Structures are given as structure tokens and as C-alpha cells.
Amino acid sequence: MTALLAGLRDVGHGFGSGARRRVVLRGVTLDLRAGDFVALTGPSGSGKTTLLTLLGALRVPEEGDLRLLGQDVRGLEGRALGALRRRIGFVFQRHHLLRSLSVVENVEAALHGQPGAEPARDRAAALAMLEAVGLGGRGGEATARLSGGEQQRVAVARALVRRPALVLADEPTASLDGRSGRAVVALLAALTSGQDCAVVMATHDERCLDLATRRLHMEDGVLKQP
Ligand SMILES: Nc1ncnc2c1ncn2[C@@H]1O[C@H](COP(=O)(O)OP(=O)(O)OP(=O)(O)O)[C@@H](O)[C@H]1O
Ligand SMILES: [Mg+2]
């Protein structure tokens, strides 16, 4: 059996209190293992992004158990939480690249502050990652000059350059046309397969569901097999 990268048991989460209280996740139980590429679908407001923030150790669940990369998230604070987050890669709907940096600098920035960071090695890793996403030779360009699809591929390179054990993508194709959207997801699938990592991608995009190895559906905070 491959290693368990994330384990959720009866996870519940909500926001607000009193009359404004809203329960967003209910009894979510899920295991993620190396090789999983999960497409997470569900209506707007069903809790997909909230689940991704839990999987990213960006918040702690109110109820239930959450283990990420062998650690109980509830027992972690400060540095340990930071170290855990550095082993997780994120790709968002909008790329959030820094316009003032070149393409390669955007990817490299993900490596800054890593233990043992070394400028020459970071540059080489960033350039290799750009090559892998089909942007070899474009590293010196101004980020703003790239097309939307190219910028999202830079975002994929930035998320993967640290070789994360868990990759979380929140509607990564939402701002792209069908063809470039599928290309971005295909890249994500190709670059993570055989890497001992798991990917969870929240998506409304029917055209890339076939690229996933597993599908999960969220309805009103409850996770279902579709
Ligand atoms: N920080 C927050 N504070 C209060 N309510 C929140 C917060 N984050 C999310 N919610 C609420 O939780 C519910 C689920 O939101 P979530 O963003 O997880 O849905 P989603 O499935 O990702 O939707 P979409 O497909 O539109 O992105 C929504 O009703 C939202 O308003
Ligand atoms: Mg969302």
C-alpha cells in the first residue's frame, strides 16, 4: 500500500457563531495516497475551497481528525506548521504571479527561505521546472507579457518546484479557455504522476475530469463518490 499523505476522519468545519453560524463541512472522511489525482466537483458554496484550505494546513478543522504528511495538524504551531505548508503546493484560479518579477524569478521565489537554499541551485531548479511546463527559454521574460495559459503554467511550475508531497489546485482552469485549461491540467497530471505525491483539484470544468484518477463530489459540505 502506498503511503498515506492525508487522512481526514469525520471532519467538520463551520464559520461564524450564533445566528450567523454556518456549517460548511460535515463528517468528511477521506484518504489521499501517492498517485491520487482527485477531481473535486460540487456546486458553488458546497465547501470545496474550505476543504482545500484544511488540506493545505491553512486552517485547523473544528471537528474530527486531520493528518497531513504523517502529522496531526492539531498539534502543530508556528514553525512546524510552516514546515508542513512548505511541503504542499498550491495552484489557484488566478495565478497570483508577481508582475514585477521575471518568469524565472516567480518560480524561484517559491524556493526562497527553504532550508539549504542556494541561489545557483534554485535558479537551475526553476529553469528545469519551466522547461517541464513547456516554457523553456522564456524565463527572462516579463511575467505580464505571457498569455493567461502561459501564466498559469508558470503557476504550476512555481507550485511544483519544491517537489511537494501534496498539490492543491483550486479551479486552476477557471480563467482559461477550454484548450489551455485542459493543457494546464494535463501538465499537472503528467508532472505529478510517479512523484509520490497526491493532487486534489477543485473544478467545475467537465473537460478535464477524465484526467483525474479519482472523482469526489461535494454537496452541502458532505463528500460523496459521484
Ligand atoms: N472565511 C470564511 N468566513 C465565513 N464564511 C466562509 C468563509 N469561507 C467560506 N465561507 C462560506 O463557506 C461556504 C463554502 O464556501 P467554499 O468557498 O468552500 O465553497 P466552494 O465549494 O469552494 O464554492 P465555489 O465553487 O463557488 O468556489 C460558503 O457559504 C462561504 O460563504
Ligand atoms: Mg471555491
Side-chain angles (χ1 to χ4, degrees), residues 1-13 24-61 64-71 73 84-85 87-93 133 152-153 155-160 162-176 178 181-226:
M1 199 71 154
T2 48
L4 185 65
L5 298 177
L8 288 78
R9 292 288 170 277
D10 285 321
V11 164
H13 198 77
V24 172
L25 296 176
R26 309 158 202 271
V28 173
T29 292
L30 170 67
D31 281 347
L32 295 173
R33 294 182 184 278
D36 282 340
F37 191 114
V38 179
L40 174 63
T41 55
S44 183
S46 58
K48 302 181 298 298
T49 295
T50 305
L51 177 59
L52 290 180
T53 62
L54 292 175
L55 287 169
L58 298 175
R59 50 167 63 94
V60 174
D65 295 322
L66 171 58
R67 287 187 73 79
L68 292 175
L69 308 177
Q71 291 176 289
V73 171
L84 177 62
R85 285 182 193 139
R87 297 175 63 203
I88 302 174
F90 289 90
V91 183
F92 302 98
Q93 172 172 346
V133 299
Q152 198 61 315
R153 281 191 275 150
V156 168
R158 181 187 52 186
L160 299 183
R162 288 195 294 224
R163 307 265 164 216
L166 202 55
V167 179
L168 307 172
D170 199 356
E171 303 192 34
T173 69
S175 55
L176 304 177
R182 190 175 163 86
V184 163
V185 178
L187 256 176
L188 203 53
L191 295 175
T192 52
S193 88
Q195 293 292 315
D196 278 341
C197 74
V199 182
V200 182
M201 172 180 71
T203 187
H204 290 284
D205 191 347
E206 297 279 335
R207 289 167 298 203
C208 53
L209 295 180
D210 63 298
L211 294 164
T213 63
R214 285 173 74 184
R215 282 180 61 180
L216 295 170
H217 190 72
M218 184 82 90
E219 287 275 354
D220 201 16
V222 179
L223 205 54
K224 301 177 172 163
Q225 308 290 332

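Values in this document were obtained by computation on a predicted structure and should not be read as measured data.
- Under the salt bridge (Lys or Arg N to Asp or Glu O under 4.0 Å) criterion, Arg162 pairs with no residue at all, not counting sequence neighbours.
- Across all their heavy atoms, Ala39 and Thr203 have their closest contact at CB-CG2, 4.5 Å.
- With rounding to the nearest 0.5 Å, the separation of CZ in Arg153 from CG in Leu187 is 6.5 Å.
- Looking at residues two or more places apart in sequence or on another chain, you find a salt bridge (Lys or Arg N to Asp or Glu O under 4.0 Å) between Arg182 and Asp210.
- For the atom pair CG of Leu84 and CG of Leu69, the computed distance is 5.5 Å after rounding to the nearest 0.5 Å.
- Ala183 pairs by the side-chain contact (heavy atoms from CB on, under 4.5 Å) definition with nothing, not counting sequence neighbours.
- Under the 4.5 Å side-chain criterion, counting only non-hydrogen atoms from C-beta, Asp65 is not in contact with Val11.
- With sequence neighbours excluded, the residues forming a side-chain contact (heavy atoms from CB on, under 4.5 Å) with Ala169 are Val91, Pro172, Leu188, Met201, listed by chain and number.
- Counting only heavy atoms from C-beta outward, the side chains of Thr29 and Leu223 never approach each other to under 4.5 Å.
- Applying the side-chain hydrogen bond (donor to acceptor under 3.5 Å, both in side chains) criterion to Thr173, with sequence neighbours excluded, gives Asp205.
- The minimum heavy-atom distance linking Phe37 with Ala212 is given by the pair O-CB, 3.3 Å.
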Sequence neighbours left out, cut at 3.5 Å: what donor-acceptor pairs do the side chains of residues 45-53 make with other protein atoms?
unit_1	atom_1	unit_2	atom_2	d
Ser46	OG	Pro43	O	2.6
Lys48	NZ	Gly42	O	2.9
Lys48	NZ	Pro43	O	3.1
Thr49	OG1	Asp170	OD1	3.4
Thr49	OG1	Asp170	OD2	2.7
Thr53	OG1	Thr50	O	2.7
Thr53	OG1	Arg59	NH1	2.8

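- Between the Arg85 side chain and the Ala57 main chain, a donor and an acceptor come within less than 3.5 Å of each other.
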Problem set entry | side-chain contact (heavy atoms from CB on, under 4.5 Å) assessment of Val199 paired with Val38 | CA-CA 6 Å; Val199 182; Val38 179; over 6 Å; no
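- Within the structure, no pair that satisfies the side-chain hydrogen bond (donor to acceptor under 3.5 Å, both in side chains) test touches residues 188-199, not counting sequence neighbours.
- With sequence neighbours excluded, the residues that form a side-chain contact (heavy atoms from CB on, under 4.5 Å) with Leu176 are Gln152, Ser180, Val184.
- Here Asp10 contributes atom CG and Leu30 contributes atom CG; the two are 12.0 Å apart, rounded to the nearest 0.5 Å.
- Residues Leu5 and Ala198 come closest through the heavy atom pair CD1-N, 3.4 Å.
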For this session: Test Thr41 against Met218 for side-chain contact (heavy atoms from CB on, under 4.5 Å), laying out the working first.
Result: CA-CA 6 Å; Thr41 55; Met218 184 82 90; over 6 Å; no
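- Phe90 meets the ring pair (Phe, Tyr, Trp, His ring centres under 6.0 Å) test with Phe92; sequence neighbours excluded.
- Considering CG of Leu55 and CG of Leu168, their distance stands at 5.5 Å, rounded to 0.5 Å.
- The two residues Gly89 and Pro164 come nearest to each other via the heavy atoms N-CB, 3.4 Å.
- Listed by chain and residue number, Asp220 satisfy the salt bridge (Lys or Arg N to Asp or Glu O under 4.0 Å) test with Arg26 (two or more places apart in sequence, or in another chain).
- Partners of Arg214 by side-chain hydrogen bond (donor to acceptor under 3.5 Å, both in side chains), not counting sequence neighbours, listed by chain and number: Asp36.
- Here the closest non-hydrogen pair linking Leu54 and Pro61 is CD2-N, 3.6 Å.
- Taking the salt bridge (Lys or Arg N to Asp or Glu O under 4.0 Å) definition, one finds that Asp31 meets it with Arg9, sequence neighbours left out.
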